[in-house]
Amino acid sequence: MQAATPIPTDVSYLEYKGKYKGIFSWIFSTDHKRIALLYLYSMMVMFLVGVLLGLAMKLELIAPGKTIMEAKDYNAVFTVHGVIMIFMIVVPGLPAVFGNFLLPIMIGAKDVAFPKLNLLSWYIYVLGALLVIASVLFGNGTPDTGWTFYAPYSFKTGTNLLPAIFGAFVLGFSSILTGLNFIVTIHRMRAPGMTWTKMPLFPWTLYGTGWIQLLATPVVGITLVLVSLERIFGIGVFDPALGGDPILYQHLFWIYSHPAVYIMILPAMGAISEIIPTFAQKHVFGYRAIVASTLAIAFVGYFVWGHHMFTAGMSGTAQYTFSLLTFLVAIPSAIKVFNWISTMHQGSIRLETPFYWAASFIFVFMIGGLSGLVLGSLATDVYVHDTAFVVAHFHFIVFGGVGFAFFGAIHYWFPKMFGRMYDKGLANTGWIVFFIGFLALYAPMFYLGMKGMPRRYYDYLPEFHAANILSTLGSWVMAFGLVIILINLFRSAKHGPKADKNPWNGKTLEWTVPSPPPVENFAETPVYGEKDGPYEYQ
Amino acid sequence: MEHTVHQTHDHYDPEASKIGMWLFIFTELLLFGGLFVIYSVYRFLNPEAFHLAAEELNRAIGTINTIILLVSSATIAMATSAIQKNNKRQTLLLMLVTVLLALTFLVNKYFEWGAKFGHGIFPGSEHMIQTMSKGEILFFGLYFIMTGLHALHIIIGMAFIIFVMVLTARGKIHSERFALLENSGLYWHLVDVIWIFLFPLFYLIH
Amino acid sequence: MEKEKHHIVAFPTYLWVLVGLIILTFLSVGITSIELGELTVAGALVIASVKTLLVLTYFMHLKFDKPYIRIMVGFVFAVFLVVIIITFFDYYYR
Amino acid sequence: MYILSTQASNFVSGVDKAFLIILGISFLFLIGLTLTMLYFIYKYNRKKHPQATQIKGSTTLEIVWTVIPTILVMVMFYYGWAGWHFMKKAPEDSFNIKVIARMWNFTFEYENGKRTDTLFVPKNKAVKLNLNSMDVVHSLYIPSFRVKEDVVPGKEKMMWFIPQKEGIYELFCTEYCGLQHSYMYNWVKVMPEDQFDNWYADTTRQETTAVIESPAASGKRIMKNIGCFACHTVDGSKLVGPSFKGLYGEMQTVVTGGQERQVEADDEYIKKSIYDPNADIVKGFNKGLMLPYTNQLSEDNIRQIIEYLKTL
Ligand code: HEA
Ligand code: HEA
Ligand code: CUA
Ligand SMILES: [Cu+2]
């Protein structure tokens, strides 16, 4: 089929339409770069919905008692917020957008191994998203179980849970296919001479992520199927009335959902590992250590799920085993932080927007991660489990970590993706407003949790009022920052000044192709020699 | 490590599709893996009831079905050898045998399930709730889910093999290009492997 | 494009494996009919594992594939085993 | 101002110690690393340091910064374990109280039959709570005591503590359990032992109220205490369950074993709705939400409830 129309090497992927016209040249395109943008736009839509729900929650919590909604609505809002943010934004986020766009280019390939499967993953993603939306719009009530769907509440509630669960299942399938595609691509399609130890760090993290996606997602898939069957037939697997064990549900759920948090953070760490060397103009410090820690996180992260269940009634043995393993998985993250900071040492640092995001990433990631240590320790987790402290932890790390990395990545690769540059002044303003808002929004939640305010609370006692006000104000500041950032990016994608091939003097392969890249990326397949490597700044 | 082959224009890389298939098989293994975790936990918590309930299942049908699947696995494996020798007729014949055996397996399952339903044993049945202990209800719940999901995989596998047969008949699959046939075989063996575990776990605990 | 050599497995190999698998099936039926207590389950599972190993090595060609596929398969089974073991840290000691 | 909740039980010292140690180490690293990073950004800025020196790594450093955090996390693990492990086993001579959690309230049942919404406990005495859930997973959390344990249906679980400070503390449900999860809180009252004994011995107070009230008024009080209004209203609007307004004597469409039928909401029907709610499901509502109150409401109580329902 391709032999008929040879693909030009001088037309950018944004202009080349292939055999379809208009929108069809996007939604039928198997070009990994176009698929990446499809993901970017569809995620952006879902993301804005999630953000609005987040803001609504904060508005509700500005004062005790009813502010803008009923308890029923609040419960629905945090459920949908959680489902959207986890299953549609941060789990697929960096792999589907930046992984798709950059993985083939960074390893010197023309596309991913299975381009059609890649497009199919996006369709499946959209289907999953539509199912979740359907659960909100139709039927008798929006799901209200929390994103964890804990049994037995999840088959007692009268709300419209089935489509949401099925949606999560379908989204998981999309994520599996993406992971599979990336692993095969990395195994088979690296440029000649690019050995494993010459592969840049971002593809490495995608490789680790791919494995977690493959091995963890099916477990939650089957678990969600069982919850649906339970709702429909009452088979009893998790129903205590029929002999089932609700705690077993929690085991299975977290066997996926803990590794899932590393699905989220690993590509984020990968993006940071690209940005820092580029802006320090320096070889990354401890390449091998960073690779090893990536694989260690992926591997050990598979066995720590029980730290979400310290009060659920596990045996003591299981509790301290999980606590111990949790502490072990923190060490590779620490190694990464040390290596990033050391990369800056003796560098020649250029202060640009992506670097600001990366540096603030390190800061908020440390806060999020270190608060994870409080949660990993038995005595203290019993105290703060299911309080606002946990909410603060995961917003700092999920959204501080993954979100900041996402924004860092988009400011870093934007010129490559769209061939244009954004307004740097505006981008920096957006960053600082966002950063301040972020701290004001989530830091008070640590305090609230330490004082004992439970999470998923629609209403709270007056003693928690002051900190909640600060938090709500923070959410507005942050939203303002977000608006600045998004407007700047959207405008620049169309009207920004043309960008160079290599505006940051990066050393990885994507900076050797034109911006935006041509359809099959490389006019000539790059070949790695003995001395070449991803971060050779000489 | 394996060395890198630069892809050509027509994207045919049998090694890549083989890895892809294996990775997919891993996800399937973990899908059933989740169920095996559940099974082993409940079995551990209700050993007596599981014994009792397993008595209800028919060992003979189970054994026959096991053998059917094993034979069909051998035939599809032989089909991959046949295609490499470019023997199209033999390939198609072996695949046909595989599909027919799969069908027999399903027919057996149909009667087996039918008999259970006839005795009032099916998910959510009032009869079970009234006459059985919680452990037995769990056993049958798992029995239906696991064998049901397995049967679903049999159906998918059959469809896959039939699809490959059509391509083979049309000459799209031949001794130079048979990755798809090999993959359908891999998938079929996966279905077999899962049954190899389901069989003792459900039929052989006495 | 460099062509990779593919090993063609002869029919008799498959047939012998099949015979082995069938014998093992009867063996497991036999073993579980005699009362061995705890060992029954262990026996049945060991036999099932041997059967799986046969299917993997011959039918699924692991014997003739490059080693990294074998490593992956081993890794996946190992991960699954560890998951089961850790889950039982809870149930066994409860 | 102390950063954690009030300190009022025997577990406080262990938990707070672990907390402060982890927090201390964390702050040390957070501040240290942030300052280092800022210093590098300042010192090796492009303007000051135009040419980067390429350093690819250092095995010694990698080993150092693997070993140090490993030791530190083991310290954290140890303190976490030390503050926790004795939560798992209650002393033999503990004072037993049964906790019944249901959507959406806790009931505390004492061995002499006393039943309360607020948890009353003696100071300086080991108290063991036996946790039972009637419906979904709840979690009993007393911040000032540093204890929390999920209440799981179908599981026998317990938690224990020794209250060490008189006063009234919050008690929350921290496992999300549906609509009124955030209202599923109550109080713990710690009393000196003698005062507690007096309170405990006085079994008359809660069975019958001192004032003589009409059956309808008793019905209303019972329903309020046991939490019916979490799901039912009296004004015609529907929450989780149907409203009680105008219910008594009306014809109701119910689903019995999959079959729809009409029944009159008479005494028998209401009694059955309370003792065996899942036998007839009111059309448009869900099975399994309301659970039998067989052991919690006597026939007498039900008679009073019916009297109250008649007035609506
Ligand atoms: C991106 C997602 C992400 C990541 C990466 C992490 C990382 C970690 N998480 Fe987090 N976690 C979540 C997302 C994430 N988490 C979510 C979403 C939940 C809530 C789910 C729900 O209930 O809804 C949660 C909940 C959660 C709990 C359960 C809390 C509870 O419900 O009671 C626990 C408990 O152990 C925990 C621990 C940890 C630990 C130890 C790490 C570690 O990996 C962190 C490692 C990082 C560092 C340690 C910082 C960097 C290192 C240094 C600065 C050097 C110094 C370090 C040392 C001396 C060790 N997390
Ligand atoms: C990625 C995950 C993510 C993100 C970004 C957010 C964003 C926000 N969240 Fe979060 N939240 C969760 C994940 C997330 N949340 C989860 C899992 C829960 C638990 C649900 C449950 O209990 O079941 C939760 C629960 C939760 C609660 C607690 C509910 C309760 O327990 O009572 C609150 C309370 O205010 C809250 C507020 C907010 C606010 C104000 C925002 C936002 O409005 C802030 C605005 C965000 C931004 C300005 C930009 C961030 C940018 C990115 C993440 C990258 C973008 C990527 C692409 C566009 C592809 N959230
Ligand atoms: Cu009960 Cu939350
Ligand atoms: Cu976790």
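Just so we're on the same page: letters track the sequence lines, and every chain starts at 1.
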Visitor: Can you classify the ring geometry of A:F338 versus D:F29 as parallel (below 30°), tilted (30 to 60°) or perpendicular (above 60°)?
Guide: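 Tilted, since the angle between the ring planes falls between 30° and 60°.
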
Visitor: Look up atom NZ in D:K88 and atom OG in A:S315, then write down how far apart they are to the nearest 0.5 Å.
Guide: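 Taking NZ in D:K88 and OG in A:S315, the distance rounds to 7.0 Å.
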
Visitor: So what's closer than 4.5 Å to chain A heavy atoms on D:F19: side chain, backbone, both or neither?
Guide: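 Answer is both: backbone and side chain atoms of D:F19 are under 4.5 Å from chain A.
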
Visitor: Hey, could you give me the OG1/OH distance between A:T343 and D:Y44, rounded to the nearest 0.5 Å?
Guide: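 Result: 13.0 Å between the selected atoms.
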
Visitor: Which residue is it: D:D150, D:L140, D:V147? I am looking for the one with a side chain to side chain contact (heavy atoms under 4.5 Å, CB included) to A:T311.
Guide: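 When side chain to side chain contact (heavy atoms under 4.5 Å, CB included) is applied between A:T311 and each of D:D150, D:L140, D:V147, only D:D150 qualifies.
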
Visitor: Chain D: which of A:T326, A:N339, A:L328 shares the most heavy-atom pairs with it under 4.5 Å?
Guide: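 Option with the greatest count: A:N339.
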
Visitor: Name the region of D:Y39, side chain, backbone, both or neither, that has any atom closer than 4.5 Å to a heavy atom of chain A.
Guide: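 D:Y39 has no heavy atom closer than 4.5 Å to chain A.
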
Visitor: Would A:R455 and D:T174 count as a side-chain contact (heavy atoms from CB on, under 4.5 Å) here? Give the steps.
Guide: CA-CA 7 Å; A:R455 69 189 276 206; D:T174 46; over 6 Å; no

Visitor: Measure the NZ-CD distance between A:K451 and D:E170 for me, rounded to the nearest 0.5 Å.
Guide: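 Reported to 0.5 Å precision, the distance equals 10.5 Å.
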
Visitor: If you tally heavy-atom pairs under 4.5 Å against chain D, which of A:G244, A:S323, A:A334 wins?
Guide: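 Counting heavy-atom pairs under 4.5 Å, the top option is A:S323.
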
Visitor: Can you see which heavy atom on D:E149 is nearest to which on A:A312, and at what distance?
Guide: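 Of all heavy-atom pairs spanning D:E149 and A:A312, the closest is OE2-C, 4.4 Å.
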
Visitor: Hey, does D:W65 have a side-chain heavy atom less than 4.5 Å from the side chain of A:S342?
Guide: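 A side-chain contact exists here, since the closest heavy-atom pair is under 4.5 Å.
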
Visitor: Yes or no on side-chain contact (heavy atoms from CB on, under 4.5 Å) for D:E62 and A:I335, after CA distance, side-chain angles and deciding distance?
Guide: CA-CA 8 Å; D:E62 299 293 348; A:I335 295 175; 3.9 Å; yes

Visitor: I need the A:I349 CD1 to D:N45 CG distance, nearest 0.5 Å.
Guide: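 The CG atom of D:N45 is 7.0 Å from CD1 of A:I349, to the nearest 0.5 Å.
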
Visitor: Please classify the contact of D:T6 with chain A as side chain, backbone, both or neither, using a heavy-atom distance under 4.5 Å.
Guide: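 Neither part, no heavy atoms under 4.5 Å.
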
Visitor: Any non-hydrogen side-chain atom of D:W84 less than 4.5 Å from a side-chain atom of A:Q319?
Guide: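 Yes, side chains in contact.
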
Visitor: Measure distances from D:M159 to the heavy atoms of chain A and classify the residue's part below 4.5 Å as side chain, backbone, both or neither.
Guide: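 It is neither, since no heavy atom gets under 4.5 Å.
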
Visitor: Report which part of D:V152 has an atom under 4.5 Å of a heavy atom belonging to chain A: side chain, backbone, both, or neither.
Guide: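 Interface part for D:V152: side chain.
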
Visitor: Between A:T145, A:T79, A:N75, which is the residue that forms a side-chain hydrogen bond (donor to acceptor under 3.5 Å, both in side chains) with D:Y176?
Guide: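 Between D:Y176 and the candidates, side-chain hydrogen bond (donor to acceptor under 3.5 Å, both in side chains) is satisfied uniquely by A:N75.
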
Visitor: Of the backbone (N, CA, C, O) and the side chain (C-beta and beyond), which part of D:L72 lies under 4.5 Å from a heavy atom of chain A, both, or neither?
Guide: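 Neither part.
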
Visitor: Is it the side chain or the backbone of D:L23 that comes within 4.5 Å of chain A heavy atoms, both, or neither?
Guide: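 Contact with chain A involves the side chain of D:L23 alone.
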
Visitor: Below 4.5 Å from any heavy atom of chain D, which atoms of A:L324 appear? Answer side chain, backbone, both or neither.
Guide: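 The answer is both parts of A:L324.
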
Visitor: For the pair A:D386 and D:K148, find out whether any cationic side-chain nitrogen is under 4.0 Å from an anionic carboxylate oxygen.
Guide: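 Salt bridge: no.
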
Visitor: Go through D:L33 and A:F363 one step at a time and tell me if the side-chain contact (heavy atoms from CB on, under 4.5 Å) criterion holds.
Guide: CA-CA 9 Å; D:L33 290 169; A:F363 180 69; over 6 Å; no

Visitor: Which one wins on heavy-atom pair count under 4.5 Å against chain D: A:R288, A:H345, A:M344?
Guide: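 Between A:R288, A:H345, A:M344, the count favours A:H345.
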
Visitor: Would you give the length of the straight line joining atom OH of A:Y153 to atom SG of D:C177, rounded to the nearest 0.5 angstrom?
Guide: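 Result: 8.0 Å between the selected atoms.
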
Visitor: If I take atom NE2 from residue D:H181 and atom OH from residue A:Y458, how far apart are they, to the nearest 0.5 angstrom?
Guide: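 So the gap between those two atoms works out to 14.0 Å.
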
